Protein chains: 2
Amino acid sequence: MQKQETLTKNQKIILDLIEKSDQPLKAYSILFDVKKKGINAPLQVYRALKKLVKIGKIHKIESRNAFIACKNSKCQIAKATVFSICESCEDVTEIHDHKLSEHLRDFKDNKGMKYSKYNLEFFGICKKCV
Amino acid sequence: MQKQETLTKNQKIILDLIEKSDQPLKAYSILFDVKKKGINAPLQVYRALKKLVKIGKIHKIESRNAFIACKNSKCQIAKATVFSICESCEDVTEIHDHKLSEHLRDFKDNKGMKYSKYNLEFFGICKKCV
DNA sequence: AACGCTGTGTAATAATATAACATATTTAAG
DNA sequence: CTTAAATATGTTATATTATTACACAGCGTT
């Protein structure tokens with residue numbers, strides 16, 4: 001399992017930025033923010049994001065095309081993610097629910113397909129926005 | 001609840017196309033296919049897709065930016081979707097599992113947020129690709 | 001008839017993401 | 001140590017996905 005120490009310069013810069021935000025960041029907003037650090041092209045951002053997703057440091061919120069840091073130290077691989085998304089303020093929170101995770105991990109469809117990964121996004125209106 | 005009969009010409013053309021495919025179609029591939037029917041611009045496709053998603057006739061596969069018809073007559077609103085996606089051949093199947101649906105429908109996070117919708121995508125390797 | 005709502009058609013552009021190429025750095029094996 | 005493989009970099013160009021803005025049409029309501 002790859003540790004943060006082994007991340008490259010670009011990967012560190014981008015992970016730092018995402019970790020400082022408690023909300024998902026979009027690739028081109030990241031690009032804008034890291035230009036002062038010498039990262040000039042979209043591809044440099046996307047390459048770092050791809051790696052960070054792969055090692056589980058960040059997750060992609062598929063319905064929003066945005067990236068958020070994973071705060072769960074156990075979650076070292078991006079294979080099982082659950083998010084809560086407010087459709088009004090767009091606030092995103094990662095959900096860790098043992099029972100739900102168990103249920104999803106053990107889920108088998110009727111074709112017997114084995115799943116190595118899942119992504120679940122819940123949508124609603126958060127307390128602040130009600 | 002809106003019935004298919006009330007769909008407009010563009011909406012019908014695009015729904016027909018998606019229903020004929022058992023796999024998700026991308027917006028620009030749809031555009032290409034319906035040009036012969038007089039639909040010329042991306043926006044015409046996206047507008048129809050938006051409506052069809054809203055009334056539950058089709059679903060968007062968020063991780064693939066593609067659209068698939070909903071074969072479940074009960075599923076008239078795009079509020080609760082579960083898909084199986086093969087990461088090798090990209091085959092996508094909608095999953096209807098009563099127990100899982102129940103579990104997800106009843107899920108409440110520890111902040112007491114109420115969810116009106118969810119989207120779950122399972123990833124793995126299908127039987128053909130193993 | 002005037003309004004609100006929904007849809008249409010068109011042009012332009014924004015936002016998201018990858019291909020292709022040349023080069024550098026790190027890692028592991030011989 | 002050196003060679004090969006794997007991974008990362010920097011840059012340019014381009015592909016793909018999606019929306020804004022504007023003018024107007026059709027329909028049901030009041």
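Sequence lines set the chain letters: A, B, ... in the order given, protein chains first and strands last, and positions in each chain run from 1. As a basis for the values below, the full set of heavy atoms in this structure was taken, side chains included, without hydrogen atoms, waters or symmetry mates. Not measured: the values here are computed from a predicted model.
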Protein N or O to nucleotides 19-22 of chain D N or O, pairs below 3.5 Å:
none

Is there a continuous path of hydrophobic side-chain contacts, each under 4.5 Å between heavy atoms, that joins [X] to [Y]?
| X | Y | result |
| --- | --- | --- |
| A:L31 | A:L25 | yes |
| B:L49 | B:Y28 | yes |
| B:F122 | A:L100 | yes |
| B:V45 | B:L17 | yes |

OP1 or OP2 of [N] less than 4.0 angstrom from a side-chain nitrogen or oxygen of [X], does that happen here?
| X | N | result |
| --- | --- | --- |
| B:K51 | C:dG7 | yes |
| B:N40 | C:dT10 | yes |
| A:Q44 | D:dG10 | yes |
| A:T8 | D:dT7 | no |

Could you tell me whether the side chain of [X] and the main chain of [Y] form a donor-acceptor pair under 3.5 Å?
| X | Y | result |
| --- | --- | --- |
| A:E121 | A:S63 | yes |
| B:K57 | B:K51 | no |
| B:K37 | B:I14 | no |

* **A:C70 SG to A:I55 CD1 distance, which is reported to the nearest 0.5 Å** => 11.0 Å
* To do: Quick one: sort the B:Y115 and B:F107 rings into parallel, tilted or perpendicular, breaks at 30° and 60°.
  => parallel
* Asked: Hey, does A:K60 reach any base, or is it just sugar-phosphate, or nothing, if we go heavy atoms under 4.0 Å?
  -> sugar-phosphate
Atom [atom1] of [X] and atom [atom2] of [N]: how far apart are they, to the nearest Å?
| X | N | atom1 | atom2 | value |
| --- | --- | --- | --- | --- |
| A:K54 | D:dA6 | NZ | C1' | 11 Å |
| B:K26 | D:dA15 | NZ | C1' | 11 Å |
| B:N65 | C:dA15 | CG | P | 16 Å |
| A:K50 | C:dT18 | NZ | P | 7 Å |
| A:N10 | C:dT25 | CG | C1' | 13 Å |
| B:I39 | C:dG9 | CD1 | P | 7 Å |
| B:I30 | D:dT17 | CD1 | C1' | 12 Å |
| B:L49 | D:dT16 | CG | P | 18 Å |

* **Sub-4.0 Å heavy-atom contacts from residues 31-38 of chain B onto DNA chain C, ordered by number** =>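 Within residues 31-38 of chain B, no residue comes under 4.0 Å of DNA chain C.
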* Determine to 10° how strongly the helix from C:dA1-D:dT30 to C:dG30-D:dC1 is bent, judged from the axes of its five-pair ends. => 40°
